[in-house]
Amino acid sequence: MTFKATVLTLYPDMFPGHLGQSLAGKALERGQWSMEAVQIRDFATDKHRTVDDTPAGGGAGMVLKPDVLARAIDSVSLDGDTRPRLLMSPRGRPLTQERVREIAAGDGAVIVCGRFEGVDQRVIEARNLEEVSIGDYILSGGEPAALTLLDAVVRILPGVMGNDLSGVHESFEDGLLEHPHYTRPQVFEGREIPAVLTSGNHGAIDTWRREQALELTRERRPDLLPKAP
Ligand code: SAH
């Protein structure tokens, strides 16, 4: 069974977006993964097709209605569906490469994109939505966050990246930031490629890369070090 993403959104035209291009787009065409974008508004029942309402207790903005969203979720994800139900949300657990790997190993994901001030708390509980954040900043909607999550997942699906090994040594895969990269020309504006990289000594190259990765991580992301193997 190939990975299937179902995205619930008020802006289905934003999908597959950039995932229709490049390696992800080719893999989509080849059927190595699939996605559908479902219009939440189709599940509104009044004649104005209302999806939001004012916040209980007052305050600015609007809140996505729980009944409309629940119907939309139920239309795509029934009891037997093993896919996690994710809600893109700045209040969620920050997305990590580890969670990305888990999601990629499954059958797919149902992804809810919030808008306005967010969604009614009761549908989060009633439909068991896992809140996922892509970082400590506020987007205007969950769509770019869903595309970001799917980008990270799709690139590690089997057969999507030409060279399967190139996914192994990325930043975070071994708990560290990645070492710096160089390519020709040998001298660029007076700066040379570090000599070890052109030495042909693979043991020395591995050691140098590991040292660079450690140093970079110490400098920029010391919070990662306790978790590195
Ligand atoms: N009032 C909310 C923010 C709403 S932003 C709060 O303060 O928590 C509108 C929608 O954008 C959210 O429902 C969510 O789906 C999406 N969104 C915004 N920032 C996000 C982030 N950092 N990660 C994931 N989704 C985000």
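Scope of the values below: all heavy atoms of this structure, side chains included, with no hydrogens, waters or symmetry mates. Only a predicted model underlies this, so the values are computations on that prediction, with no experimental measurement involved.
Between H18 and D151 the shortest side-chain heavy-atom distance falls below 4.5 Å. Looking only at side-chain heavy atoms (C-beta outward), I124 and E131 come within less than 4.5 Å of each other. Taking 4.5 Å as the limit, some side-chain heavy atom of R71 sits within range of a side-chain heavy atom of T45. In this structure the side chain of L177 reaches within 4.5 angstrom of the side chain of L224, judged on heavy atoms. A heavy-atom distance below 4.5 Å is found between the side chains of V76 and L8. For the pair M35/T6, no side-chain contact is recorded, criterion being any heavy-atom separation below 4.5 Å from C-beta on. Contact annotation: the side chain of L95 approaches that of V100 to within less than 4.5 Å [non-hydrogen atoms, C-beta and beyond]. Under the 4.5 Å side-chain criterion, counting only non-hydrogen atoms from C-beta, V7 is in contact with C113.
Other residues, nucleotides and ligands place no more than 12 heavy atoms under 6.0 Å from the CG atom of D136.
Checked by atom type and distance alone, the side chain of S77 never pairs as donor or acceptor with a backbone atom of D74 at under 3.5 Å. At least one donor-acceptor pair closer than 3.5 Å links the side chain of S89 to the backbone N or O of R91. In this structure, R155 contributes its side chain and A24 its backbone to no donor-acceptor pair below 3.5 Å. Without hydrogens or angle criteria, E192 side chain to P194 main chain gives no donor-acceptor distance under 3.5 Å. In this structure a side-chain-to-backbone donor-acceptor pair under 3.5 Å is present from T207 to G203.
Using a cut-off of 4.0 Å between Lys/Arg side-chain N and Asp/Glu carboxylate O, R93 and E130 are scored as not salt-bridged. One finds a salt bridge joining R49 and D42 here, because a Lys/Arg side-chain nitrogen approaches an Asp/Glu carboxylate oxygen to under 4.0 Å.
Here the shortest heavy-atom pairing between I205 and S199 reads CG1-OG, 4.4 Å. A pairwise comparison of heavy atoms in T9 and Q39 identifies O-OE1, 3.2 Å as the closest pair.
Applying the salt bridge (Lys or Arg N to Asp or Glu O under 4.0 Å) criterion to R85, with sequence neighbours excluded, gives no partner residue. Applying the salt bridge (Lys or Arg N to Asp or Glu O under 4.0 Å) test to E36 and every residue at least two apart in sequence or in another chain returns K4.
Here H179 contributes atom NE2 and T217 contributes atom OG1; the two are 11.0 Å apart, rounded to the nearest 0.5 Å.
With W33 as the partner, the side chain to side chain contact (heavy atoms under 4.5 Å, CB included) test is satisfied by one option alone out of T2, V153, L157: L157.
Residue pairs meeting the salt bridge (Lys or Arg N to Asp or Glu O under 4.0 Å) criterion with at least one member in residues 102-111, sequence neighbours excluded, are R99-E102.
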